[in-house]
Amino acid sequence: MARYINYKNFETPPRADSSQELVASLTKIVTGCPPRNNYSRHDLHGLYSGPTSIAYLFLALSKSSPKLIIAHRNPAYWCRKYLYDSHHEVPVTPSRCGVANETLARLAVGAVVEQSEILVDLFLRFIPAVLAEDGDKASNEWLYGRAGTLYLLRLIRTYTPINPNVDEAITAIIEKILLEGPPWLWHGKEYLGAVHGSIGIITQMLLSEPKRTMQLKWLVEKLIAAQNPVTENWASSNESGRDHLVQFCHGAPGFVISLLAVRQHFAQDSQLLEDIDKAIDLGRNCIYQEGLLAKEPCLCHGATGNTVALDGKRQEHLMRWCQRDVVEKGLNNGVFRKSDDEWGLLCGEAGRSWGWMLAERLGKGMIGYSDI
């Protein structure tokens, strides 16, 4: 089965109005997946999917466009509604502490929404569990591991009153991550990409504590050097050596998004800055050629996430394939393969909303990863 769609086999869809696409996408969420009073544990996956992920989308929208009206209500209203009574005490362990952890994600988003020092303190009480020893089970990557905790702490630090314990927690987690690698292993392999691998871990450390720039410089250089000059892509792991995946999770999109986020920290190193820009340019070539994925457009493993790594006309061109009529037609005729998550942030409709927010300049980077 084909992994990506060749543009040449299809007529380019006409360009839709991005503001109308955004409102339509958000309206589809609140009407098709309205907030509920109760959720099962199966529904709750932090910022990855489920009500907390949708709440976070509306939180981001409330920061950039607070007066936008969706189904007669503003973004702050919908954010609170999706947070309502959705909390389950999901365990926090060194292998389950990333952005997909419902307990940590909901506490972080709730702390921002409520401007609550109590919720910040409740979050910080889990830091010993994040730092605990867990042998080979411990994870340092972004989705399930400690790098994801760094993002959530950065969210708290950005939007809540100053709490020195937040910075202390960030430092402690970074020290723990560096104690355990590199290499950092996930399921026994040294993954390289944004979601499970080295570039994602490094990005979260640099964005959370920029003073680590010189300490981590050699790792950035090493990962840039790992780009395949022929395919212009990166392998998913050192063990596989295969670079056939072009999506946020694995390959050029996640690398480009990461390099764009950390680039500013190397402004004084002209050679490294040149290498970063070259890697971004090559990566974008790869993304544009193979980034229209056969999977339903979404952030994690679909075309919407790949648009985040592009700019200008190439970004606008790829977003045409994420328009609601194009997606619906593609699902009906089998051009796109349906995602297993219809509504959530990383794999569903909420992620397409983020794509249209970027098109309207109502956000930057990858939400939940490099947007703050």
Side-chain angles (χ1 to χ4, degrees), residues 93-100 127 130-154 169-229 233-243 245 247-266 269 271-273 275-276 278-280 283 366 369-370:
T93 69
S95 62
R96 289 290 184 272
C97 58
V99 295
I127 298 303
V130 174
L131 296 172
E133 297 294 332
D134 201 15
D136 294 338
K137 294 181 180 180
S139 173
N140 291 295
E141 45 87 76
W142 168 78
L143 186 59
Y144 298 115
R146 296 178 179 123
T149 315
L150 289 178
Y151 177 84
L152 296 172
L153 285 166
R154 198 163 71 249
I170 286 173
T171 296
I173 291 173
I174 290 176
E175 292 292 345
K176 184 65 173 178
I177 291 173
L178 291 172
L179 187 64
E180 297 194 355
W184 295 286
L185 303 182
W186 189 69
H187 290 193
K189 293 183 180 180
E190 184 183 358
Y191 283 90
L192 303 181
V195 172
H196 302 301
S198 299
I199 193 62
I201 296 168
I202 293 167
T203 297
Q204 297 312 313
M205 289 194 290
L206 279 172
L207 294 181
S208 301
E209 213 166 64
K211 68 181 182 181
R212 303 280 179 172
T213 297
M214 295 309 297
Q215 184 180 6
L216 298 173
K217 173 186 171 183
W218 72 275
L219 286 170
V220 175
E221 292 172 333
K222 181 179 179 181
L223 287 168
I224 289 175
Q227 186 177 26
N228 187 321
N233 200 16
W234 282 265
S236 58
S237 72
N238 275 336
E239 287 77 7
S240 73
R242 300 180 65 193
D243 62 353
L245 296 177
Q247 57 193 49
F248 174 54
C249 307
H250 307 285
F255 267 87
V256 170
I257 290 168
S258 299
L259 291 174
L260 287 169
V262 304
R263 180 187 184 278
Q264 60 182 316
H265 299 303
F266 299 100
D269 189 326
Q271 183 58 59
L272 181 53
L273 205 61
D275 292 342
I276 288 174
K278 181 180 178 181
I280 289 171
M366 179 63 77
Y369 182 84
S370 63

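All residue numbers refer to positions in the sequence shown, counting from 1.
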*Which pair of non-hydrogen atoms, one from G241 and one from A235, has the smallest distance, and what is that distance?*
C-CB, 3.7 Å

*How many angstroms lie between atom CD1 of I224 and atom CG of L219, to the nearest 0.5 angstrom?*
11.0 Å

*Can you name the side chain to side chain contact (heavy atoms under 4.5 Å, CB included) partners of L223, sequence neighbours left out?*
L192, S198, I199, I202, F255

_Residue list, side chain to side chain contact (heavy atoms under 4.5 Å, CB included) with R154, at least two apart or on another chain_ = Y151, R157, T158, Q204, L207, S208, I372

*For residues L150 and I170, report the shortest heavy-atom separation together with the two atoms involved.*
CD2-O, 3.7 Å

*Partners of E141 by side chain to side chain donor-acceptor pair (under 3.5 Å), sequence neighbours excluded?*
S139, H196

*Which atom pair, heavy atoms only, marks the closest approach of A194 to G254?*
CB-CA, 3.7 Å

_Residues that Y191 engages under ring pair (Phe, Tyr, Trp, His ring centres under 6.0 Å), provided they are two or more places apart_ = W186, H250

*Going by heavy atoms in the side chains, are T149 and I127 under 4.5 Å from each other?*
yes

*Measure across L152 and G98 and return the closest heavy-atom pair with its distance rounded to 0.1 Å.*
CD1-O, 4.0 Å

*Measure the NZ-OG1 distance between K211 and T171 for me, rounded to the nearest 0.5 Å.*
5.0 Å

*List for me each residue that meets ring pair (Phe, Tyr, Trp, His ring centres under 6.0 Å) alongside F248, sequence neighbours excluded, and say none if there are none.*
W142, Y369

*Who pairs with W184 by ring pair (Phe, Tyr, Trp, His ring centres under 6.0 Å), at least two apart in sequence or on another chain?*
none

*With sequence neighbours excluded, residues passing side chain to side chain donor-acceptor pair (under 3.5 Å) with K222*: none

*Mind checking side chain to side chain donor-acceptor pair (under 3.5 Å) for R96 and listing every partner two or more places apart, or none if nothing turns up?*
none

*Search all heavy atoms of V195 against all heavy atoms of C249 and return the closest pair with its distance.*
CG2-CA, 3.4 Å

*Measuring from I257:CD1 to M366:CE, what's the distance to the nearest 0.5 Å?*
4.0 Å

*Say you draw a straight line from CG of L131 to CD of E175; how long is it, rounded to the nearest 0.5 Å?*
11.0 Å

*Identify, with sequence neighbours excluded, every residue that meets side chain to side chain donor-acceptor pair (under 3.5 Å) alongside S240.*
S236, S237

*asked:* Suppose the criterion is salt bridge (charged side-chain N to carboxylate O under 4.0 Å, His left out): which pairs have a residue in residues 182-201, not counting sequence neighbours?
replied: none

Which donor-acceptor pairs under 3.5 Å do the side chains of residues 176-183 make with protein atoms, sequence neighbours left out?
unit_1 : atom_1 : unit_2 : atom_2 : d
K176   : NZ     : E133   : OE2    : 2.2
E180   : OE1    : N140   : ND2    : 3.1
E180   : OE1    : R146   : NH1    : 2.9
E180   : OE2    : R146   : NH1    : 3.3

*Calculate, to the nearest 0.5 Å, the distance between atoms CG and CZ belonging to L259 and F266 respectively.*
9.0 Å

_Residues which pass side chain to side chain contact (heavy atoms under 4.5 Å, CB included) with D134, listed by chain and number, not counting sequence neighbours_ = P94, S95, K137, A138

*asked:* Using 0.5 Å steps for rounding, measure from the CG atom of N233 to the CG atom of L245.
replied: 8.0 Å

